[in-house]
Amino acid sequence: MSLWRDISRGETRIDFVGLRRRWFYISAVLLLVSVATVTALGLNLGLEFTGGVQVQTENRSGVAVGELESAITGLGVVDFRIQEIDEGQSIRIQTGPISSALEDEMVASLAVLVGAPPEDVNRQAVGPTFGALVARRALWALGVFLGAVVIFISIRLQWKMALSGIVALLHDLVLTIGIYAITRFEVTPATVVAALTVLGYSLYDTVVVFDRVRELEGDYSDVLTYSEIVNRSMNMVLARSINTSLTSLIPVGSILFVGSLILGAAPLRDFSLALFVGIAAGTYSSIFVASPLLALWREREVAWTDQRRRMARKRGGSDRDLPEEPTEPAEPPTTSELFSMEGGASPRPPRRRRRR
């Protein structure tokens with residue numbers, strides 16, 4: 001309870017920037033696994049992307065999947081996939097592009113095997129060019145979204161914040177794609193919509209953090225280094241990030257695990273998985289990727305390097321302890337050191353400057 005009380009009050013002293021290598025290593029491993037899985041297994045693209053024919057009907061006679069495979073193969077269909085859905089009560093068959101005559105023949109044969117009238121067999125045919133159109137428009141939407149993000153954050157905050165936020169967005173997108181490759185869930189247009197929704201959520205969380213960084217930068221730029229400002233901002237908004245994530249993950253998790261996996265509402269699965277993974281990854285990247293990356297980047301600026309030197313001298317260090325042209329900023333003091341700068345006094349934050 002004491003820890004949660006400190007988090008809710010913004011009184012934690014977690015050194016997010018000082019531990020950045022740990023977060024970056026974790027992200028690198030997750031990204032490598034995602035890329036390797038997508039490369040090795042590929043994505044389970046839905047009918048809208050691949051083109052072809054989908055046939056679905058109730059399995060009233062309880063025919064086995066093996067019999068259906070033999071019947072479809074006998075018709076000359078080579079590229080097909082059979083799925084049992086609704087706990088085996090229904091059958092779904094997806095094939096590559098085939099002729100209309102062969103499609104009618106397959107539907108008639110399937111109706112006889114499952115014991116259903118041909119008019120009760122639901123069929124859907126998608127041309128091969130439709131999938132390419134959907135994919136192209138999805139990429140256009142993603143490009144427009146990222147461009148608008150860079151422009152907005154650059155105007156509202158700073159361009160380095162914008163690029164750090166984009167890195168976090170791409171991080172979330174790759175992880176989401178990797179999860180779909182691992183679980184073999186079908187990628188549909190609903191998945192693309194969910195992914196774009198998640199990117200907006202991740203961006204919101206990142207902007208909240210960066211806005212607090214900018215606010216504290218104006219108040220404490222003469223008494224703290226940039227890494228310390230980022231640490232203080234992260235500790236102040238940590239409770240908000242956790243609460244926002246939990247209130248989003250609980251209902252989405254209910255849809256995913258209860259609605260789709262337990263109750264068998266398959267159409268909800270494609271959408272809810274992207275939302276669940278993306279929200280979790282977005283919360284992680286906002287805290288452990290975007291902010292430490294921003295601190296690492298801005299600490300290399302001349303003004304903040306000079307500020308680090310001044311703070312080192314004030315706290316008992318020396319200019320000689322820092323290289324003249326560092327290739328990488330020295331490690332910032334931990335949060336515990338930051339709050340104990342007054343010597344033996346009890347930990348307290350530095351005073352805010354009075355505005356004239």
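Partners of R22 under the salt bridge (charged side-chain N to carboxylate O under 4.0 Å, His left out) rule, at least two apart in sequence or in another chain, do not exist in this structure. Legend: residues meeting salt bridge (charged side-chain N to carboxylate O under 4.0 Å, His left out) with D211, ordered by chain and number and at least two apart, are R156, R214.
Between M234 and V209 the shortest side-chain heavy-atom distance falls below 4.5 Å. Using a 4.5 Å heavy-atom threshold, the side chains of I91 and I93 count as touching. Contact check for T57 versus N122: no side-chain heavy atoms found under the 4.5 Å cut-off. Side-chain contact check for I82 versus E69: some heavy-atom pair is nearer than 4.5 Å. Contact check for S109 versus L75: side-chain heavy atoms found under the 4.5 Å cut-off. Two residues are said to be in side-chain contact when any heavy atoms from C-beta on lie closer than 4.5 Å; Y180 and I177 fail this criterion. Inter-residue side-chain proximity for V213 and Y226 is flagged as met; some heavy-atom pair is nearer than 4.5 Å. Residues S221 and Q307 fail the side-chain proximity criterion, which asks for heavy atoms closer than 4.5 Å.
Defined by atom type and a distance below 3.5 Å, a donor-acceptor pair is present between the side-chain atoms of S227 and E299. At a cut-off of 3.5 Å, with distance as the only test, a side-chain donor of R81 or N44 sits close to an acceptor on the other residue.
Closest of all the heavy-atom pairs between T176 and G278 is OG1-CA, 3.9 Å. Of all the heavy atoms in A194 and A274, the pair that sits closest is CB-CB, 3.5 Å. Taking all atoms of both residues into account, the shortest heavy-atom contact from V121 to A111 is CG2-CB, 4.1 Å. For the pair L224 and M311, the tightest heavy-atom approach, listed with the atom from each and the gap, is N-SD, 4.1 Å. Smallest separation of non-hydrogen atoms from S61 and L113: OG-O, 2.5 Å. Across every non-hydrogen atom of A281 and L175, the tightest pair is CB-CD1, 4.1 Å.
Ring geometry for F16 against F288 counts as tilted: the plane angle lies between 30° and 60°, on a 0 to 90° scale.
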Between E186 and Q94, does a side chain to side chain donor-acceptor pair (under 3.5 Å) hold up when you go through it step by step? CA-CA 12 Å; E186 192 174 55; Q94 291 182 340; 3.2 Å; yes
Worked check of side chain to side chain donor-acceptor pair (under 3.5 Å) between D172 and S285: CA-CA 7 Å; D172 302 339; S285 66; 2.9 Å; yes
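Of the charged side-chain nitrogens involved, none lies within less than 4.0 Å of a carboxylate oxygen, so that R232 and E215 do not count as a salt-bridged pair. With respect to R298 and E217, a salt bridge is recorded, a charged nitrogen being found less than 4.0 Å from a carboxylate O. R123 and D104 are joined by a salt bridge, as a carboxylate oxygen and a charged side-chain nitrogen come within less than 4.0 angstrom of each other.
Separation of atoms CZ (F276) and OG (S254) is listed at 9.5 Å; rounding is to 0.5 Å. Here CD1 of I279 is found 11.5 Å from CD1 of I250. Values are rounded to the nearest 0.5 Å.
Crowding of R184 atom CZ: a count of heavy atoms from other residues, nucleotides or ligands under 6.0 Å exceeding 12.
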